[in-house]
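For reference, the structure is listed below as structure tokens.
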Amino acid sequence: MNVAIQCRDLKKTYDGKLHAVAGIDLKIQAGECFGLLGPNGAGKTTTIEILEGLLEPSSGEVEIFGYKWKTHGRQLREWIGISLQETGLSEKLTVREIVGLYASFYRNPRDSDEVIEEMSLHEKADSWVGKLSGGQKQRLVIATALVGNPRILFLDEPTSGLDPQSRRQLWEIIRRFQLRGGTVLLTTHYMDEAERLCDRISIVDHGRIITSGSPALLIERLCGTQLVEFVANNALGEVVTDGWDHLPGVESVKRENGNILLSVHEPHVTIPALLAAAQQRGLRLEHLSTRQASLEDVFVHLTGRHLREN
């Protein structure tokens, strides 16, 4: 596969002290949906703005389809579409006027009405932007990114604050773009979104990548495939947290919100052993449940905090 986006030892410092990006390496293949995840302040937005050519790095190299911003800036702007976290669109212009305006910035844009139709905005084509709902405004922002006929779509928190139906509509738009051969670089705080959309992800914290891989691989590698969650009390009502790491099939043990979490691969082996151990020790189990491990669990496993705590 062709490499769509590549950066090497990317760094961004402010006043020579604050390391917003502290040496990031990325290689994103053409046609991929790649997720860059991390808490607020981790450096992911700064990284994306450097890749988009909006920000100069302090050091490091960026290539888009083998070209560099310093020598081929005009060409690269033709190849990318950008949806920022906050985009200010004039509320006194219509949807058709906004999309047509953005189309005029490119040499070979898509047909504006075609993009409006694809975004399911045809019924609002002659409505002012100020009259649109939150989901409609977000689809309009994506329309302005798509109308230039880009090869790469940069999406920074594209579904933040949207209702579930609007989120799913945007997921379908992203999938259609990818099916046409487009490359997507996505940031999101919604782990279900990253698991559904992304072929690969990198988790960023304190300006550095702490792990990379497909969502399924990271979950398997770091958390096992299943989590067994429970509370164990002794006769005095005290929570018992020790002695669970010796159960068969247990990969790791951690405590979260007063519960014990066992990362396991074969819950049908671990759970009978857990019940037997609790009975032997005279403990009472409460809230016993199992669930699939998730990317949120991966992040907590790596950093000790939830992705959206900040």
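Only heavy atoms go into these numbers, but all of them, side chains included; no hydrogens, no water, no symmetry mates. From a predicted model like this one, the values you see are computed outputs, not experimental measurements.
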Under 3.5 Å donor-acceptor, Ser160 side chain and Glu157 backbone: no

Polar side-chain atom of Glu114 near backbone of Asp111 as donor-acceptor pair, under 3.5 Å: no

Lys/Arg N to Asp/Glu carboxylate O, Arg151 vs Glu78, below 4.0 Å: no

Donor-acceptor under 3.5 Å (Thr47 side chain, Gly43 main chain): yes

Arg167 (side chain) donor-acceptor with Asp163 (main chain) under 3.5 angstrom: no

Under 3.5 Å: donor-acceptor pair, side chain of Asn234, backbone of Leu283: no

Salt bridge (Lys or Arg N to Asp or Glu O under 4.0 Å) evaluation trace for Asp25 with Arg208: CA-CA 9 Å; Asp25 297 302; Arg208 299 181 184 275; over 6 Å; no

Qualifying residue, where the test is side-chain hydrogen bond (donor to acceptor under 3.5 Å, both in side chains) with Glu172 and the options are Gln169, Arg175, Arg176: Arg175

Side-chain H-bond candidate by donor/acceptor type, Thr290 with Gln226, under 3.5 Å: no

Over 12 foreign heavy atoms within 6.0 Å of CG, Asn108: no

Pairwise distance CD(Glu296) to CD(Glu195) - rounded to 0.5 angstrom: 10.0 Å

Hphob cluster co-occupancy, Ile173 + Phe154, side-chain heavy atoms under 4.5 angstrom: no

Any residue meeting ring pair (Phe, Tyr, Trp, His ring centres under 6.0 Å) with Tyr67, in chain and number order, not counting sequence neighbours: His72, Trp79

Lys137/Glu91 under salt bridge (Lys or Arg N to Asp or Glu O under 4.0 Å): CA gap, chis, key distance, verdict: CA-CA 10 Å; Lys137 286 182 179 179; Glu91 297 198 344; 3.7 Å; yes

Heavy-atom side-chain proximity of Ile142 to Leu140 below 4.5 angstrom: no

Test item: Glu229 side-chain N/O and Asn259 main-chain N/O as donor-acceptor pair under 3.5 Å: no

Arg291 and Asp297: CA distance, side-chain angles, deciding distance, salt bridge (Lys or Arg N to Asp or Glu O under 4.0 Å) verdict: CA-CA 11 Å; Arg291 61 178 174 85; Asp297 297 309; 2.9 Å; yes

Hydrophobic cluster identity match, Met119 and Leu153, side-chain contacts under 4.5 Å: yes

Beyond-backbone contact of Ser112 with Arg96, side-chain heavy atoms, under 4.5 angstrom: no

Ring pair (Phe, Tyr, Trp, His ring centres under 6.0 Å) involving Trp69 - partner list, sequence neighbours excluded: none

Those residues that, when tested against Phe177, pass ring pair (Phe, Tyr, Trp, His ring centres under 6.0 Å) (two or more places apart): none

Check: Gln178 side chain, Gly31 main-chain N or O, donor-acceptor pair, under 3.5 Å: yes

Test item: Lys131 side-chain N/O and Lys124 main-chain N/O as donor-acceptor pair under 3.5 Å: no

Exam field: side chain Thr159 to backbone Leu162, donor-acceptor pair closer than 3.5 Å: no

side-chain hydrogen bond (donor to acceptor under 3.5 Å, both in side chains) partners for Thr241, two or more places apart: none

Leu121 reachable from Leu155 in the ILVMFWY side-chain graph, under 4.5 Å edges: yes

Option among Leu295, Thr187, Val298, Thr211 that satisfies the side chain to side chain contact (heavy atoms under 4.5 Å, CB included) test with Leu37: Leu295

Ring pair (Phe, Tyr, Trp, His ring centres under 6.0 Å) partners of Phe230, counting only residues at least two apart: Trp244

Connected via hydrophobic side-chain network under 4.5 Å: Ile98 and Leu84: no

Evaluation steps, salt bridge (Lys or Arg N to Asp or Glu O under 4.0 Å), between Asp242 and Arg281: CA-CA 12 Å; Asp242 61 322; Arg281 297 170 66 180; 3.7 Å; yes

Side chain to side chain, Ile5 and Phe65, heavy atoms closer than 4.5 Å: no

Show the atom names and distances, to 0.1 Å, of all donor-acceptor pairs under 3.5 Å that link a side chain in residues 50-62 to residues at least two apart or in another chain.
residue : atom : partner : partner atom : Å
Ser58   : OG   : Thr13   : N            : 2.9
Ser58   : OG   : Thr13   : OG1          : 3.4
Glu61   : OE1  : Arg8    : NH1          : 3.0

Polar side-chain atom of Ser214 near backbone of Arg200 as donor-acceptor pair, under 3.5 Å: no

Within one Ile-Leu-Val-Met-Phe-Trp-Tyr cluster: Tyr14 and Ile24, side-chain cutoff 4.5 Å: yes

Beyond-backbone contact of Val184 with Glu32, side-chain heavy atoms, under 4.5 angstrom: no

